[in-house]
Amino acid sequence: MYKEHQSNEIVHTAIATPNIALVKYWGKRDDKLILPMNSSISMTLGEEFNTRTSVLFTDRIKEDIFYINGERQDLSNKDVIERFTIIDIMRRMAGRDDRVMVASENSFPTAAGLASSASGISALVFAVNAALGLNLNEKDMSIIARQGSGSACRSLAGGFVKWEKGSRVDGADSHIRQIAKADHWPDLIDIVVIVSSSKKKVSSRSGMKQTVETSTLYKARPQYAEHMCAEVEKAITDRDFESLGLLTIRDSNNMHAVMLDTYPPILYLNDVSKEIMLAIDDLNSSEGKIIAAYTFDAGPNANILTLEKHRGKVEKAISGIEGIKKLHVTKAGSGPRLAGEGESLIDASILKIKRTE
Ligand code: DP6
C-alpha cells in the first residue's frame, strides 16, 4: 500500500526534441565524464518529434520507477542506467534522497530509427531541474545531460547549438552555447528520410571507442572538426546555405570515412543511404550550386537540409529511390519547455501513469 498523497508533491513535465549534428561528435577523451575529442554543432529539431517526460519525487515509493512509452523499465537496462546517472547527479546537487517516478513518451516510435536519447535525456534534465528547484541555466543543464549521453547536451537549447569540447579534466567547460535562436533562419528545413527502423548493431558508445583506438584516419579528425565548427558557425550566422550545405555534407562523409577505417569496420550507411547521397549530389550538380545537403548520424536514415523554396525539387530527386519508408519535414525548434498539468503522464494521487491513448 502507498502512503497517502502528500499535497505538496507536484508532477513536473517537460517536452524536448532531438537534434541533428552538422559537425559530428565521434570520439571521447574521457569515457566516464563523456568529454569529446572535438566540439560539435547541431540544429535542435521542431516538436514534430518530441519526448514528453514527467517526474515525481516522493517518499511514498521505496525504489525508483521508470516508464518509457507506457512500459515499466528494468533499472539495469542500458538506456535507464544513462538516465539514472543524470537523476543521481541532480539528486546529489539538491541534497535529496527521496525516490523518483518517471514516465517518458516519444511522439515518434522508438523503432523509427530516430535517436530518442537526446530528446529523452534533455526532457528529463529539464523536468528534474524544475522538480528539485535547482534553477540551473541551459549551460549547467548541458553539463549534466552530457554525462548521460554526449549528443543529448545539445538539445538543452533551441536553434543552432555548439557543444564546446572544453579542455578541463573535470569537464566544467565542456558545455553548450547557443549560436542562433530557432527563428534565425526561418526558411531552412530538414527533411528526415526514414530508411530503416531496425536498431543499430554497433552502438555509438562502443563504435566511437573503437574508432579512437584503431582508426589511423581518425587522428586527423579532431583538428579538422574544430576548423569545421568555426566555418559552420559562420555559415549559420550569415545564413549562407551554400557554405553550410557543403560543410555539412563533408563532415558527415568524414565521420563515416573514419567509421569505415575503424577495425573491425563500422558501416551505418546502407545502399539506400548511398543512393540518397548520389541523388543529392546529382541535384546539386544540375543546379550548379548546393541547394540540398545530406547528413547521417549513426544509422542509415538521412537528414536533408534545404531551403523551403527547394523542397519540391529535393523530394522529386529522391522520389524514385526504392527503400525510402517515410519523409518527415521539420525545422529548427526552440528547445525544451515545461508543460502544463494537463500534459502530465503521472497521476500523483495514485502513483500510476496516465494512459494517453
Ligand atoms: C553520430 O551521443 O549517442 O550521433 O555520448 O556515447 O552516448 P554517447 O554517444 P552519442 O553519439 C552520437 C554520435 C552521432 C553524432 C552527433 O550527434 O554528434
Side-chain angles (χ1 to χ4, degrees), residues 16-45 49 51 77-86 110 113-122 124-125 142-157 160-166 171 174-176 179 190 192 199-213 215 218 221-222 224-226 228-229 232 247-248 250-260 262 266-269 273 294-303 305:
T17 61
N19 64 76
I20 178 67
L22 309 177
V23 180
K24 312 288 187 187
Y25 145 61
W26 192 255
K28 299 178 179 68
R29 63 176 199 276
D30 183 318
D31 290 341
K32 189 160 187 311
L33 289 173
I34 310 203
L35 299 175
M37 294 287 264
N38 62 268
S39 304
S40 52
I41 293 182
S42 58
M43 180 172 97
T44 298
L45 302 185
F49 309 111
T51 302
N77 147 345
K78 178 196 141 291
D79 291 349
V80 177
I81 291 175
E82 269 176 16
R83 284 156 173 80
F84 275 104
T85 307
I86 285 166
T110 309
L114 291 160
S116 55
S117 78
S119 52
I121 288 178
S122 49
L124 178 66
V125 172
S142 78
I143 291 178
I144 297 168
R146 189 199 77 216
Q147 297 174 63
S149 179
S151 58
C153 76
R154 296 186 309 241
S155 279
L156 259 310
F160 302 85
V161 181
K162 182 174 181 197
W163 171 14
E164 304 278 3
K165 72 179 175 68
S174 186
H175 54 68
I176 58 163
I179 293 173
D190 175 20
V192 184
K199 215 172 146 56
K200 53 192 173 198
K201 288 194 196 76
V202 181
S203 70
S204 309
R205 186 142 312 177
S206 70
M208 66 174 82
K209 196 169 162 58
Q210 282 168 262
T211 301
V212 175
E213 284 167 7
S215 165
Y218 183 76
R221 179 158 169 81
Y224 170 75
E226 227 53 49
M228 291 298 262
C229 280
V232 164
L247 296 161
T248 299
R250 301 234 30 194
D251 191 68
S252 174
N253 291 347
N254 185 272
M255 179 182 74
H256 288 276
V258 300
M259 288 166 165
L260 184 60
T262 301
I266 304 168
L267 281 157
Y268 288 118
L269 306 178
S273 321
Y294 58 78
T295 182
F296 297 84
D297 279 344
N301 298 319
N303 282 70
L305 296 181

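Both ligands and their constituent atoms are indexed starting at 1 by order of listing.
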- Are any side-chain N or O atoms of Asp251 and backbone N or O atoms of Lys24, one a donor and one an acceptor, separated by less than 3.5 Å? yes
- Task: At a heavy-atom distance under 4.0 Å, which protein residues reach ligand 1? Sort them by chain and number, would you?
- Result: Ala21, Lys24, Tyr25, Trp26, Lys28, Ile34, Ser149, Gly150, Ser151, Arg154, Ser204, Arg205, Met208, Met255, Asp297, Ala298
- Mark yes when over 12 heavy atoms from residues, nucleotides or ligands other than Arg250 sit less than 6.0 Å from its CZ; otherwise mark no. no
- Task: Using only heavy-atom distances, determine whether the side chains of Ser155 and Asn19 contain a donor-acceptor pair under 3.5 Å.
- Result: yes
- Using the test side-chain contact (heavy atoms from CB on, under 4.5 Å), find all partners of Thr17 that sit at least two apart in sequence or belong to another chain. Thr44, Glu47, Asn50
- Task: Look at atom NZ of Lys28 and say whether more than 12 heavy atoms of other residues, nucleotides or ligands are closer to it than 6.0 Å.
- Result: yes
- Query: Do the side chain of Ser273 and the main chain of Pro300 share a donor and acceptor less than 3.5 angstrom apart?
  - Reply: yes
